[in-house]
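Okay, so here's the structure we're looking at.
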Amino acid sequence: MLRWKKTCRCIENSSLSFHHRHQSKLRFINSEKIRKASLICAGLLFLITELGASSFACVGSLAGSEASLLERGTLFTGDSSFHSAAEHFKATESYFSQQFPLECPTRERRRLVSWGGMELHDINNSSVPFEISRGSSQLQDKLNKSQRIRHKSVQFEENILHEENARLIYINDPKKTNDKYEFTGNEIRTSKYTIITFLPKNLFIQFHRVAYLYFLAIAALNQLPPLAVFGRTVSLFPLLFVLCVTAIKDGYEDWRRHRSDRNENNRESLVIQSGEFLPKKWKNIQAGEVVKIFADETIPADMVLLGTSDQSGLAYIQTMNLDGESNLKTRYARQETASAVLPEHCAISGVIRCEQPNRNIYEFTANMEFNGHKFSLSQSNIVLRGCQLKNTDWIIGVVVYAGQETKAMMNSATSPSKRSRLESYMNRETLWLSIFLFIMCSVVAIGMGLWLVRHKNQLDTLPYYRKKYFRQGAYNGKKYRYYGIPMETFISFLSSIIVFQIMIPISLYITMELVRLGQSYFMIEDGEMYDSSSGSRFQCRSLNINEDLGQIRYIFSDKTGTLTENRMEFRRASIHGKNYGSSLLMADNNSAAAAVSGKWKLKSEIAVDSELMTMLQDISNNDERIAGHEFFLTLAACNTVIPILSHGRYSSCGTNESNQEVEGIDYQGESPDEQALVAAASAYGYTLFERTSGHIVIDVNGEKLRLDVLGLHEFDSVRKRMSVVIRLPNNSVKVLVKGADTSMFSILANVSESNDSVRNATQDHLYEYSSQGLRTLVVASRNLSDAELEQWQTMYEDASTSLTDRAAKLRQTATLIECNLKLLGATGIEDKLQEGVPEAIECLRQAGIKIWVLTGDKQETAISIGLSCKLLTADMQQIIINGTSEAECRNLLDDAIAQYSVRCSSGRDQNLSHKTIDGRGDLENANGTKSLGMSKSNPGKEEGTAPLALIIDGNSLVYILEKELESELFDLATSCRVVLCCRVAPLQKAGIVDLIKCRTDDMTLAIGDGANDVSMIQMADVGVGICGQEGRQAVMAADFAMGQFQFLKRLLLVHGHWNYQRVGYLVLYNFYRNAVFVLMLFWYILCTAFSTTSALTDWSSVFYSVIYTSIPTIIVGVLDKNLSHRTLLQYPKLYGAGYRQEAYNLRLFWITMIDTLWQSLVLFYIPMFTYKDSSIDIWSMGSLWTIAVVVLVNVHLAMDIQRWVLITHVAVWGSIVITYGCMVVLDSIPVFPNYWTIYHLLKSPTYWVTILLITVVGLLPRFICKVVYQIFWPSDIQIAREAEILRKRHNRQGSRCEVSG
């Protein structure tokens, strides 16, 4: 056995050493995988050397089954002592095999599970890779067991191997800390530019838009003498205007960043200099320096706490600037350093070994060597830059990360930018316009070439094409602007591109940005989406996807805090198998409760059960009384809640004493569940009123109980429970545990029949609580012997000081004590639905939107909430998928597809034979735990006639979210009206969203309120954050944010509909507006020998899309409404026009282009025929065409406006007036060739008649088509609009009758 260990150790160390030497090349290799591979190799080598050649067959068998070994998590050692040493973990082994199926896929898998149930360390960092290798967890458990029984000197020895990658911080010695100048200073910079880099960098960023490169090429071509169609300065004006406006905006924003950085860097804090604390600017602070911070001051850098004003080393911080959470959090200084720190000076020295800078604000891994002792540092010992010190006079800490390496700065990146669906479709139409542009330029070039060939003998006598100069002087006889027919043809092609350049509308990009900005303003100012309870307005954090709100087909919603209020109230308790909570009274109305509460008064009143209060006051030591005592002791002690004592005094009249003074107390915690449980414990007489890093003090019915906290295992998504090890005043040690029922019942002790009866009764109560929609937790405890405590402390110390995989090792350590527990009871916490949620869900469902709920709660709780919020209805057939293996999940999916005749998109046989599970015949009812079934609510209804609801758990999703079963899940889920996913991990939520995004073209929206929803929000096309009780991580990662779920109805059905209709019309109108102008020029060029000369002045061509016609487009895009908000909310089905793409599609584009072609012909040929026999000059015709095209496109726009207000009239008709004004100014400049032409035209009646004729004839076909279409084939929106108009007319007539009466 000893030789086996040495072999393993040698190969493992060699592998890890190789890994560190080549880390830059092998970043993707996990050291744990190397360890597993090395151990397998060690097993092969051990067998070869010990058993000789005769065992080669066995070795070959072992090597051939390597994958099987990894999956089963077993390893042959050849020594029975190996297994006997791990016998102590037998209970843990059974637990792991039951609780970690998420990480144990079967061997048929062909790819890594990308969406699994794993511990998510960095929610905000979407770029961190997460993966679960095949069968890695069970092997890791086996290997960890072997590591647990090693001697302390060799336990977790890989920490030493990784110390070369650790950061060394020498306390109070910044020079030695940064002797190699590898650490950054504390100066921060959030700005993008400097004075030198602004121009080149800003231009480089702007020219990432392909359209800008196109117009830059056009402007460059126009600078060449043969291609100078427009004036060289004029051709640069549109592009320079766009670039300058954007550059000014970017420059102003960056100037504000510079100003903010300057103010931040020049702030001062007290830093030890020459043995005393002296002020020092933030930008000059370095890693290793000791800093002192006073109350309400901001932390200048990431610091490890050395001491605080509190004797126990406790400090309170507020992390609102970091993660948006307003509740206070506790941080601790280690007792070893806190006792050595003095307020006036800090002369301590030591070394901190910490991890390299990273973005994870929820974890910190380090250890400290101080006075010959080595102890661990964790997240609770570090305060981060940007946090504020609260309720603490002062703290002293040493800087470990400074400047750009602080976690706050590393997390300052914005959420990934999203692009609207309509904009991507717009690029498709832009490609078609480019093709049209190429065809027109080719026609002009070919026509030019043919015309030159036909008139090549006359070129010397033509004014423009003559080959030579004929005037006397130096130029006599030289070539004159003629380059030969081939070159002239090519130049004609390039000149045509310059003339027709606005076919690709550069102004559309600016117009869309301005329109979206205006739309966002009205969404933010909508009073109907203002949450008065939290004082939060609607937030529009992304301006790129406003129109996507009108095309949503799928909504993925979290439950807790999104559909519910996330304000927990303690309602039910099951203690020692007895149910409490049926008769609740407020504490003030309950004399027993008032007497128990004593001198403490909670900020919020808690309803208590009188029967439970009587039981707790019973002085007998029966089992129920003892269980009740430990039950509430666990609620008060097993948490991270901070008690906040108020300085004021309150009077209480609830007892026999006339005036008893009580002290106010409130609780701050990261979880509303914990706050509710601690407040409930206080209401029943177990008041937590003091917490330090080493102990807590609980007032138990008036008696102070001090408990030493020996260790705390916080809740994580793998264990799904939390435990605390405490030492009681009688020197006994207990483990107090609370967690989800799925993780707790498997680690309970089975001793007697009475325990079984308590367990069965508790399970029945849990099912009852879940059916009522309550959130449940199971509470248990056990006593620790001295040997168990010593073994746990040894492993806990080593795991907590580990610099690698600390979380995994702490989980392993927790399994030592989280076993053979005594069941105390269970809790039921109510999380009420938010106001208006059922109505909002029903309205969205009528709009044709499918709503999927993805929650981490129990299945029964999720179903109950689904029924109460009308997500699930009584007539739905419930399909429940609870599988524990890939084969079982496959059978359940196939059974459902066959039973409900689901159409398969993957081309599989749609007539699947009806399968059974394990040969049991018919499918189980929906109440089965691992089955598929139907709801009992509609037994007489035939299959296939009722709507379907799919309910699936996260365990099944691990096996389903891979290629072999994704298609089956997609087919089944999309056939259901409702999908409810329970017990899902954060990345599984994102996996479900990705399943729909990858397999459909439908738009998705994800809405949530917590950090566990960030992945889902960023994955969806549109992300919405709720400003709830779980901080603001979801809000900061979202595209839009609001106070309540019910506002989603107005956001989508009203603003989403308006935005989509406006932007869809805006894009089509911009294409039409520019195309009709270009086609008019095209017809003119065809009639002027393909010469690419223009009848319009250069300035008129430039001002057309920038000034003459842009303002009405913006105003209509922001303010136009085809229907009122009342109509849209009254008839939710009108929303379907968005996801059916009725406002913008390829068919509408082609119809618009045909209409554009007709209008351009009318625009050109009517003036041509009108003035055919007149002596009008070319510039007068150009002035006529300029005015006519502006009038035509504005009247065209006026025909489509649905809502006329004063500003709309001013914009539409005012743009025509502005055009005339500009024409008058331009025609009044003597140097321009069109001098005084407009004055002659305005005097002619023919001019006005021509403009009127162009407008009527050009728009007549469009008008006729609209009338016929609305009469014979009206859309839902048109019908609703007519009904709205008739209703308004009826209301006016009724009001007039009342006035006249």
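Position 1 is the first residue of the sequence, and the numbers go up from there.
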- Message: Test salt bridge (charged side-chain N to carboxylate O under 4.0 Å, His left out) on Lys578 and Glu611; report intermediate values, then the result.
- Response: CA-CA 11 Å; Lys578 189 172 181 179; Glu611 184 182 0; 2.9 Å; yes

- Message: Applying ring pair (Phe, Tyr, Trp, His ring centres under 6.0 Å), can you list everything that pairs with His629, at least two apart in sequence or on another chain?
- Response: Tyr686

- Using a strict 4.0 Å threshold on nitrogen-to-oxygen distance, state whether Glu830 and Arg775 make a salt bridge. no

- Task: Decide, yes or no, whether a salt bridge links Glu565 with Lys832 under the criterion of side-chain N to carboxylate O below 4.0 Å.
- Result: no

- Note on the structure: Contacts of Asp708 meeting salt bridge (charged side-chain N to carboxylate O under 4.0 Å, His left out) (sequence neighbours excluded), chain-then-number -> Arg706

- Query: Excluding sequence neighbours, so at least two apart, what forms salt bridge (charged side-chain N to carboxylate O under 4.0 Å, His left out) with Glu714?
  - Reply: none

- Query: Within the side chain of Tyr767, is there an N or O that forms a donor-acceptor pair under 3.5 Å with the backbone of Thr762?
  - Reply: no

- Item | side chain to side chain donor-acceptor pair (under 3.5 Å) partners of Ser380, counting only residues at least two apart | Ser378

- Message: My understanding is that only residues two or more places apart in sequence, or in another chain, count here; which of them pass salt bridge (charged side-chain N to carboxylate O under 4.0 Å, His left out) with Asp741?
- Response: Lys858, Arg983

- Message: Among residues at least two apart in sequence or on other chains, which ones pass ring pair (Phe, Tyr, Trp, His ring centres under 6.0 Å) with Phe689?
- Response: Trp600

- Tyr580 pairs by side-chain contact (heavy atoms from CB on, under 4.5 Å) with which of Arg571, His765, Met615, Met613? Met615

- Taking it one step at a time, do Glu788 and Ser785 satisfy side chain to side chain donor-acceptor pair (under 3.5 Å)? CA-CA 5 Å; Glu788 291 173 329; Ser785 64; 3.3 Å; yes

- Message: For a quick test of reading the model, state the closest non-hydrogen atom pair linking Ile829 to Asp673 and the distance between them.
- Response: CD1-O, 4.1 Å

- Message: Donor-acceptor pair, distance only, cut-off 3.5 Å: does the side chain of Arg334 make one with the backbone of Leu377?
- Response: no

- Query: Between CD1 of Ile317 and OG1 of Thr392, what distance do you get to the nearest 0.5 Å?
  - Reply: 9.5 Å

- Query: Say you draw a straight line from CG of Leu789 to CG of Asn783; how long is it, rounded to the nearest 0.5 Å?
  - Reply: 11.5 Å

